[in-house]
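Worksheet: one structure, shown below.
Residue numbers start at 1 and run along the sequence shown. Just so it is clear, the values below take in all heavy atoms, side chains as well, and ignore hydrogens, waters and symmetry mates. Atoms within each ligand, like the ligands themselves, are counted from 1 in listed order.
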Amino acid sequence: MSNKFQKLIDFFTKLPGIGPRQAMRLVLAMAEWPKNELDEFSQSVNTLKDGPIFCAECFNFADSEKCAICTSIKRDQTRIAVVEKVTDLQSMENTGAFNGAYHVLGGHINPANGSLPANLKISELKERIQKLKKMTPDIEVIIATNPNTYGETTALYLEQELAPLEVKITRLARGLAAGSSVEYADEITLANALKHRR
Ligand SMILES: [Zn+2]
């Protein structure tokens, strides 16, 4: 194997869910790209860490300090959907059924994996709610973690942590089958789970 190929394959295998075989397929596919596309690709990689990557408010992807959702006057900033990952946020956005804001935790609680509450953006969420409460008492936090063991654990922990803040807390309705995920739920199911949250 050429060194050029091997080096790229090694990089791709660092990504979640990519094994050596898939990595090789990706590199082979990229070798078919025209030169200018490869240049654009490497340019994107190059600038990935120039400036902010995550929104300082909700931890969505952002090109500046705050993301497009947090700065939009069309979005209801008093409705905050708490999700595990940016990909969950994206799935909820795809439904078009939610007009509020988000808060990306950055994962879920799983002590066996070393993923503890302190690793998640929970204190940031509490601070954010406290700030918002100075402006309006009408705040709803929609806990939209995944309907599996870790998502449930995280949701229960959040409910406890947020209880003293005295804001309305809702959960996605049970349209989502247990063990499924927010990221891969189809748009209609997810939109329904949002609509019937309680
Ligand atoms: Zn944001």
### Query
Apart from L165 itself, what residues make up its hydrophobic cluster, given side-chain heavy atom links below 4.5 Å?
I80, V82, L105, I109, L120, I122, L125, I129, L132, M135, I139, V141, I143, Y157, L158, L162, V167, I169
### Task
With 2.8 Å as the limit, jot down which protein N, O or S atoms are around the Zn ion (ligand 1).
C55 SG, C58 SG, C67 SG, C70 SG
### Query
Is it true that E152 and R171 make a salt bridge, defined as a side-chain N closer than 4.0 Å to a carboxylate O?
yes
### Message
So that I can tick it off, tell me whether K133 and D138 are bridged by a salt bridge, with the cut-off set at under 4.0 angstrom between side-chain N and carboxylate O.
### Response
no
### Query
Distance only, no hydrogens: is a donor on one side chain within 3.5 Å (strictly under) of an acceptor on the other, for E93 and Y102?
yes
#### Entry: Pair D10, Q6: side-chain N/O donor-acceptor within cut-off below 3.5 Å
yes
### Query
Using the ring of each side chain (for Trp, its six-membered ring), is F61 parallel, tilted or perpendicular to F54, with breaks at 30° and 60°?
parallel
